[in-house]
Chemist: 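Can you read through this structure? Questions will come right after.
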Amino acid sequence: MIGRSSSCTTIALAALLSVACRGRALSDAQNPASASASGSSSATAESDCTAGTLPLRKVLVKNIYTADPSAHVFGDTLYVYPSHDLEHNPAPNDDGDHYGMKDYHVLSFDHGSCPQAIDHGEALNVKDVPWASKQLWAPDAAFKNGMYFLYFPARDKSGVFRIGVAKSASPVGPFSAEPQPIAGSYSIDPAVFVDDDGQAYMYFGGIWGGQLQNFRGGAFTPSSDVTKRVDAHGTLPSGKQNALGPRFAKLSADMTSFDGGVIEVSIVDSQKKPLEQGDNQRRFFEGAWMHKYNGVYYLSYSTGDTHYLVYAIASTPSGPFTYQGRLLTPVAGWTTHHSIVQYHGKWYLFYHDDSLSGADNKRSIKVTELTHRADGSIPTMTP
Ligand code: FUB
């Protein structure tokens, strides 16, 4: 695989090799593109570390731009599956064409005295996905029966976002893509949650450039204006109507298809009234994530144009979810996207910002600690 370093290919050796993979000079941080071209490596400088803890609220990866971090613990190792932002400067638009990502890199963290991100190099490239044309957006991963699954959105050859799956025997890839997107999938930002009984579910969807509003009738309907969405086709609900919710599907036992139909998740307020589309401080925009704490299902997501990460809770994985509050105040940059993971007894919120580049489409992942109060609520964090 292009960009993969032979010294970082097998995760069984990751802890050992992390020393060899470390030490990329800080000057790479000022030029991620040049560092990326030279292949995989660790990206965190020793000076960024505090012994025994993940480097909190600091740029975790400096050799490439990374975003949309989906964190998972497989075995005893913390892995992050991010988007890989490119060193390019296209004109921004509401369709998100400036997020033109072409491949994925998987990261792992060596939980030594100074945990650091290890970049395992290219894990999947859009040219190796038979059905996809462009824009490898926010991915996620799951493990079942000895196999690792990478779930990812991309535009198909006709420009419609679908969700694909790729498989590997290794958590860091390389991943081999299925020839077709998951039947019945659409839009962006898959998040796969495996419940205590082993059943896996996918949450997905995103409005505006993520095209969720184009699937209100089931099939894709083009929209003439993705931000105003007031035409008869592919439009968002009006401000007082119920907001579009993330989509939810049960995954089949082999993890590569939906078992049954896709349903829309309802997010309601404390009076059990569905959030309205015009309530853009609270309604779903994109970037759904699921974690479970003390038997309660926590759905968290981005509010998009108001730039918050917020959460809602339910007693079942399909909801309805009751809105609770904000997880994270706005980061530097337009997009905000996260994951929540428990690792070595602590809970963490992974997120991204554009502090390294100053450009919306060149983001860098960070992490901060997340806590649950005695009543299960989560204090609002600041980036
Ligand atoms: O990274 C591309 C898109 O930006 C993601 O799919 C969204 O969640 C937003 O972060």
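Computed from heavy atoms alone, side chains included, the values below leave out hydrogens, waters and symmetry copies. All ligand and atom numbering here is 1-based and tracks the order in the structure.
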Chemist: Can you list the ligand 1 atoms lying under 4.0 Å from a non-hydrogen atom of M101?
Modeler: 1 (O), 2 (C)
Chemist: If we ignore angles and hydrogens, is there a donor and acceptor under 3.5 Å between the side chains of S187 and R247?
Modeler: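 Per modelled atom types, S187 and R247 side chains form no pair under 3.5 Å.
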Chemist: Nearest protein heavy atom to atom 9 (C) of ligand 1, by residue and atom, and its distance?
Modeler: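 For atom 9 (C) of ligand 1, the nearest protein heavy atom is E286 OE2, 3.3 Å.
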Chemist: What are the atoms of ligand 1, with element, lying closer than 4.0 Å to any heavy atom of A138?
Modeler: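 Going through ligand 1 atom by atom, the ones under 4.0 Å from A138 are 6 (O).
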Chemist: Only counting residues at least two apart or in another chain, list the ones meeting salt bridge (charged side-chain N to carboxylate O under 4.0 Å, His left out) with D156.
Modeler: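 Scan of D156 (salt bridge (charged side-chain N to carboxylate O under 4.0 Å, His left out), adjacent residues dropped) gives R162.
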Chemist: Among protein heavy atoms, which lies nearest atom 4 (O) of ligand 1, and at what distance?
Modeler: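 It is R363 NH1, 3.3 Å.
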Chemist: Do me a favour and list the nearest non-hydrogen protein atom to atom 6 (O) of ligand 1 with residue, atom name and distance?
Modeler: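 Ranking protein heavy atoms by distance from atom 6 (O) of ligand 1, first comes D189 OD1, 2.5 Å.
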Chemist: Only pairs under 3.5 Å count here: list side-chain donor-acceptor contacts from residues 136-143, not counting sequence neighbours, and write none if there are none.
Modeler:
from	atom 1	to	atom 2	distance (Å)
W137	NE1	Y99	O	2.7
D140	OD1	H72	NE2	2.6
D140	OD2	V192	N	2.6

Chemist: If the cut-off is 4.0 Å to any non-hydrogen atom of H352, which atoms of ligand 1 fall inside it?
Modeler: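 Counting from 1, the qualifying ligand atoms are 10 (O).
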Chemist: Check this for me: K157, atom NZ, are more than 12 non-hydrogen atoms of other residues, nucleotides or ligands nearer than 6.0 Å?
Modeler: yes
Chemist: Does any N or O atom in Y99 lie less than 3.5 angstrom from one in ligand 1, N or O only?
Modeler: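 There is no such contact.
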Chemist: Should the ring pair F109 and F350 be called parallel, tilted or perpendicular, given that the plane angle runs from 0 to 90° and is split at 30 and 60?
Modeler: tilted
Chemist: Between K62 and D119, is there a salt bridge with N-O shorter than 4.0 Å?
Modeler: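 Salt bridge between D119 and K62, a charged N being under 4.0 Å from a carboxylate O: no.
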Chemist: Distance from I313 atom CD1 to K292 atom NZ, nearest 0.5 Å?
Modeler: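 Rounded to the nearest 0.5 Å, the CD1-NZ separation comes out at 13.5 Å.
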Chemist: Where is the nearest protein heavy atom to atom 10 (O) of ligand 1: which residue, which atom, and how far?
Modeler: D68 OD1, 2.7 Å
Chemist: Closer than 4.0 Å to some heavy atom of H337 - which atoms of ligand 1 meet that?
Modeler: 7 (C), 8 (O), 10 (O)
